[in-house]
Q: 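Quick one: the structure is below, and I'll ask about it shortly.
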Amino acid sequence: MIYLKTDDEVELLRKANLLIGQTLAELAKLIKPGVTTKQLDAVAEEFIRDHGAEPTFKGFPNHKGIPFPASICTSVNEQVVHGIPNDIPLKDGDIVSIDCGTRLNGFCGDSCYTFPVGEISDEVRQLLRTTKEALYKGIEQAVAGNRIGDISNAIQQHCEANGYDVVREFVGHGVGKDMHEEPQVPNYGRRGSGKVLKDGLCIAIEPMIAMGKRAIYMQQDQWGIVTRDRTPAAHYEHSICVRKGKADILSSFEEIEKVLGEQFI
């Protein structure tokens, strides 16, 4: 079932999503060579709980029923998604995609940002830039009367035109009282295909893009997903509400990018 949200519900979703932007901005202050993703996870969980919310990822079961052990996903370099925070220090030139989920007042937020660690190469910077551009090109298509495939195709076309591959096994999704609701929102597809977008539909759009080939595999922890050719991958995500004429973006990168300053992609 696809649930359209009332205006009041959209505002509750906005609050949960803006908290993620604030959380990721706190982490942006800390991300540098030598910091571990486990340290970032501890800060994120404390910040989320101090603001009256709970981290939706913590304890969330995977396909085998194994609960996710942390509050954020931290996917470093060739990890695409679902990286488990660990004690390995980040290095100069790394990238780390931090995916964060919150539940506040009964509604869920979901957003992700890929951060540079120290000085990254121009090649990797271009991957990040293109992936973020693709997110906004997808959002431009998220208007009432369009179809899911219009979002999917806009993302795919932009990334492939720039020489990158779209990871296909993981997709965007509806968001509301549950973290994952219908419909699925792939990052590839045909224009004019899929379900019609209606005013009040709230979805998370999240391109996951590989610098090399899109083939992936799951790590032994049964969570982390890695590119087979070990090339870097980027991941950006906004939760949005479909409206007539222009989508309403419920999450925000504004505070993150204020912190990043000159590192802002």
Side-chain angles (χ1 to χ4, degrees), residues 15-60 68-104 108-122 124-125 127-129 131-132 135 179 204 206 208 219 221 223-226 232-239 250-265:
K15 286 180 181 177
N17 275 288
L18 290 179
L19 176 57
I20 295 177
Q22 294 165 3
T23 304
L24 294 180
E26 288 300 306
L27 301 185
K29 297 172 185 176
L30 305 173
I31 294 172
K32 61 183 179 181
V35 170
T36 71
T37 50
K38 201 172 246 187
Q39 288 172 319
L40 298 177
D41 178 63
V43 171
E45 180 168 2
E46 182 177 17
F47 190 85
I48 290 166
R49 294 191 188 281
D50 282 352
H51 286 77
E54 61 184 45
T56 49
F57 294 177
K58 192 157 194 179
F60 189 84
F68 192 75
S71 296
I72 54 174
C73 297
T74 54
S75 303
V76 179
N77 297 333
E78 68 271 15
Q79 282 186 315
V80 182
V81 284
H82 303 161
I84 295 175
N86 58 42
D87 291 317
I88 301 170
L90 293 170
K91 303 186 305 295
D92 190 60
D94 284 346
I95 55 173
V96 56
S97 299
I98 302 184
D99 196 355
C100 183
T102 59
R103 181 175 281 106
L104 180 65
C108 295
D110 195 0
S111 185
C112 180
Y113 198 94
T114 301
F115 294 87
V117 181
E119 289 296 320
I120 62 173
S121 70
D122 290 343
V124 172
R125 186 174 294 275
L127 169 69
L128 270 54
R129 184 178 294 117
T131 305
K132 192 166 73 165
L135 168 62
M179 180 168 58
E206 48 178 324
M208 289 155 267
Q219 295 180 295
D221 62 22
W223 275 105
I225 301 296
V226 178
H235 179 198
Y236 289 86
E237 176 182 19
H238 270 315
S239 290
L250 306 177
S251 45
S252 175
F253 294 159
E254 189 175 340
E255 290 188 50
I256 299 167
E257 290 173 350
K258 275 184 191 171
V259 174
L260 290 179
E262 291 180 358
Q263 284 188 302
F264 165 45
I265 304 298

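The shown structure was predicted, so the numbers you read here are calculated from the model rather than taken from an experiment.
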Q: Looking only at non-hydrogen atoms, find the nearest pair between Arg103 and Cys108 and report the distance.
A: NH2-SG, 3.6 Å

Q: What is the minimum heavy-atom distance between Phe68 and Gly83, and which atoms define it?
A: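 In this case the closest contact between Phe68 and Gly83 is CZ-O, 3.7 Å.
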
Q: So do Thr74 and Asp41 actually touch side chain to side chain, heavy atoms under 4.5 Å?
A: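 Of all side-chain heavy-atom pairs linking Thr74 with Asp41, none is under 4.5 Å.
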
Q: Please give me the minimum heavy-atom distance between Asp99 and Phe57, naming the atom from each residue.
A: O-CE1, 3.1 Å

Q: I'd like to check the side-chain contact (heavy atoms from CB on, under 4.5 Å) partners of Lys38; sequence neighbours left out, ordered by chain and number.
A: Thr36, Asp87

Q: Can you tell me how far the CD atom of Glu237 sits from the CG atom of Asp110, to the nearest 0.5 Å?
A: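 If we round to the nearest 0.5 Å, Glu237:CD and Asp110:CG are 3.5 Å apart.
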
Q: Apply ring pair (Phe, Tyr, Trp, His ring centres under 6.0 Å) to Phe253 and list each qualifying residue two or more places apart in sequence or on a separate chain.
A: Tyr113, His238

Q: At their closest point, which heavy atom of Thr131 faces which heavy atom of Tyr236, and how far apart are they?
A: CG2-CD1, 3.7 Å

Q: Of all the heavy-atom pairs spanning Gly21 and Ile256, show the shortest one and how long it is.
A: O-CG1, 3.7 Å

Q: For residues 23-34, which side-chain donor-acceptor pairs fall under 3.5 Å, sequence neighbours excluded?
A:
residue: Thr23; atom: OG1; partner: Leu19; partner atom: O; Å: 2.8
residue: Glu26; atom: OE2; partner: Lys29; partner atom: NZ; Å: 2.9

Q: Would you confirm whether Thr37, through its side chain, and Asn86, through its main-chain N or O, come within 3.5 Å as a donor-acceptor pair?
A: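 Yes, the answer is positive, given that a donor and an acceptor are paired below the 3.5 Å cut-off.
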
Q: Restricting to side-chain contact (heavy atoms from CB on, under 4.5 Å), what partner residues turn up for Ser75, sequence neighbours left out?
A: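 By the side-chain contact (heavy atoms from CB on, under 4.5 Å) rule, Ser75 matches Gln79, Ser97.
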
Q: Checking Pro69 now: which residues fulfil side-chain contact (heavy atoms from CB on, under 4.5 Å) with it, not counting sequence neighbours?
A: Ile84

Q: Are Trp223 and Cys73 close enough that some pair of their side-chain heavy atoms sits under 4.5 Å apart?
A: no

Q: Under the salt bridge (charged side-chain N to carboxylate O under 4.0 Å, His left out) rule, collect the residues that match up with Lys91, sequence neighbours excluded.
A: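 Partners of Lys91 by the salt bridge (charged side-chain N to carboxylate O under 4.0 Å, His left out) criterion, ordered by chain and then number, come out as Asp94.
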
Q: For Ile120, what residues pass the side-chain contact (heavy atoms from CB on, under 4.5 Å) criterion, not counting sequence neighbours?
A: Ile95, Pro116, Val124, Arg125, Leu128, Ile265

Q: Return the CG to CZ distance between Leu260 and Phe115, rounded to the nearest 0.5 Å.
A: 6.0 Å

Q: In the structure I gave you, are the side-chain heavy atoms of Glu206 and Val81 within less than 4.5 Å of one another anywhere?
A: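 A side-chain contact is absent here, since even the closest heavy-atom pair is not under 4.5 Å.
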
Q: Output all residues satisfying ring pair (Phe, Tyr, Trp, His ring centres under 6.0 Å) with His235, sequence neighbours left out; order by chain, then residue number.
A: none

Q: Partners of Glu255 by salt bridge (charged side-chain N to carboxylate O under 4.0 Å, His left out), sequence neighbours excluded?
A: none

Q: Looking only at heavy atoms, what is the nearest atom pair of Asp92 and Glu119, with distance?
A: OD1-N, 2.9 Å

Q: Are more than 12 heavy atoms from other residues, nucleotides or ligands located less than 6.0 Å from atom CD of Glu46?
A: no

Q: Could you state the interatomic distance from CD1 (Ile98) to CD1 (Ile20), rounded to the nearest 0.5 Å?
A: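 Interatomic distance, Ile98 CD1 to Ile20 CD1, rounded to 0.5 Å: 12.0 Å.
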
Q: Please list, chain by chain and in numerical order, all residues satisfying side chain to side chain donor-acceptor pair (under 3.5 Å) with Ser71, sequence neighbours excluded.
A: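 Side chain to side chain donor-acceptor pair (under 3.5 Å) list for Ser71, sorted by chain: Glu45.
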
Q: Please list, chain by chain and in numerical order, all residues satisfying salt bridge (charged side-chain N to carboxylate O under 4.0 Å, His left out) with Lys132, sequence neighbours excluded.
A: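 Lys132 satisfies salt bridge (charged side-chain N to carboxylate O under 4.0 Å, His left out) with Glu257 once adjacent residues are dropped.
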
Q: Measure the spacing between CD of Gln39 and CG of Leu90 and express it to the nearest 0.5 Å.
A: 9.0 Å

Q: Closer than 3.5 angstrom, by distance alone: can the side chain of Thr102 be matched with the main-chain N or O of Leu104 as a donor-acceptor pair?
A: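 Checking the backbone N and O of Leu104 against the side chain of Thr102, no donor-acceptor pair under 3.5 Å is found.
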
Q: Just to verify, what does Asn17 make a side chain to side chain donor-acceptor pair (under 3.5 Å) with, not counting sequence neighbours?
A: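 Per chain and number, Asn17 pairs via side chain to side chain donor-acceptor pair (under 3.5 Å) with Ser239.
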
